[in-house]
Amino acid sequence: MMSTPFERLACPIDGRRLTQEGSSWRCEHGHGFDIARQGYVNLLPVQNKRSADPGDSKPMVAARQRFLAAGHYAPIAAAVSRLVMALNPVEGPLTCLDAGCGEGYYLRELAAQAPAGQALSLLGLDISKWAVMAAAKQDSGDTMAWVVGSNANLPVQPASVDVVLCMFGFPMMAEFERVLKPGGTLIKVEAGPDHLRELREVIYPTLKPDRPPRDEVPHGFVHHALDTVRFTCKIDTAQGIADLLAMTPHLYRASAEGRARAAALEALSVTVDVTLVQYRRQER
């Protein structure tokens, strides 16, 4: 894999192009953002925060890092990497934004699985500073750009990326459309009806009926393809089960009794059931 630095960042205050000057990024209006010693830049202005420390907490990030490092979701990463590698940009490196990158697992796997000679320009963005810090620390070769930012106001220049990944995240379709090049691809990874069913059966008294799939195609996009990844994940430690619960919304939705039942488990096999939906940005 040949890495090309991602340079199409935009000022989160006025939207102007950011240019790296030494250890900071600056726009023509003088707004400056320092690069942290870990290698990431915070482009989430305090006025755009809804809380003092938005996104995943430091313990949640650590739980996700342990769980993913154990390889439990490797088939998902492999499927996403195959889809991305099948896309051929018209010119230049293949530019990919992971919008809600967490601690960077899927981008690192994408880089690792890229064929020799494939040029990539990768940007990981998350609203959690703890997640972005963890991602930057694991990028030993400084091959990717890591940014604290919000999907609601992506600090990225218009029509500048070939692929947007939204991995179990919070899609902001208007922003995704804005930053994708015409004909660019959005890959959304979403939980299917049986995803983590066995864990949900432990923590909830009853399971809610499955919601019917939404067939509506987002404005500005055309539906391109739909794939499913389904496998059984065997977790053989109490820590692994706790980490899985901590990296899902179920941690907060479950009652204290449900969380206690999960904490009492020493091993658990769960169904992983996800859909990979591809949309193409309309060319206008």
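Residue numbers run from 1 in the order of the sequence given.
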When clusters are formed by joining ILVMFWY residues with side-chain heavy atoms under 4.5 Å apart, either directly or through shared neighbours, do Val163 and Met172 land in the same one?
no

Heavy-atom donor-acceptor pair, Gln20 side chain to Gly22 backbone, under 3.5 Å:
yes

For a 4.5 angstrom cut-off between non-hydrogen side-chain atoms, does His250 reach Arg200?
yes

Surrounding CZ of Phe231 (heavy atoms of other residues, nucleotides or ligands, distance under 6.0 Å), is the total greater than 12?
yes

Counting distance only, does the side-chain N/O of Arg281 pair as donor-acceptor with the main-chain N or O of Phe176 below 3.5 Å?
no

Is there a donor-acceptor contact under 3.5 Å from the side chain of Asp98 to the main chain of Gly124?
no

Across all chains, not counting sequence neighbours, the ring-ring contact (aromatic ring centres under 6.0 Å, His included) partners of Phe67 are His72, Tyr73

Shortest non-hydrogen pair, Ala111 vs Leu120, comes out as CA-CD1, 4.2 Å

Compare all side-chain heavy atoms of Met247 with those of Met60 and state whether any distance is below 4.5 angstrom.
no

Electrostatic pair Asp53:Lys58 at N-O distance under 4.0 angstrom:
no

So do His29 and Cys11 actually touch side chain to side chain, heavy atoms under 4.5 Å?
no

Go through the steps for Glu103 and Arg66 under the test salt bridge (charged side-chain N to carboxylate O under 4.0 Å, His left out), then give the verdict.
CA-CA 10 Å; Glu103 51 75 64; Arg66 288 190 298 266; over 6 Å; no

If the test is salt bridge (Lys or Arg N to Asp or Glu O under 4.0 Å), which one of Asp126, Asp56, Asp243 qualifies with Arg64?
Asp56

With heavy-atom distances below 4.5 Å as the criterion, would you say the side chains of Trp130 and Val148 are in contact?
no

Whether the side chain of Thr271 engages the backbone of Asp194 through a donor-acceptor N/O pair (distance < 3.5 Å, no angle test) should be reported.
no

For Gln38, which residues count as a side chain to side chain donor-acceptor pair (under 3.5 Å) partner, sequence neighbours excluded?
none

Using a 3.5 Å distance criterion without hydrogens, assess whether the side chain of Arg178 forms a donor-acceptor pair with backbone atoms of Leu154.
yes

Correct closest heavy-atom pair for Glu283 and Gly183 would be CG-N, 3.4 Å

Answer whether the closest heavy-atom distance between the side chains of Cys27 and Asp14 falls below 4.5 Å.
yes

Determine, for Glu201 against Arg261, whether the closest basic-nitrogen to carboxylate-oxygen distance falls under 4.0 angstrom.
no

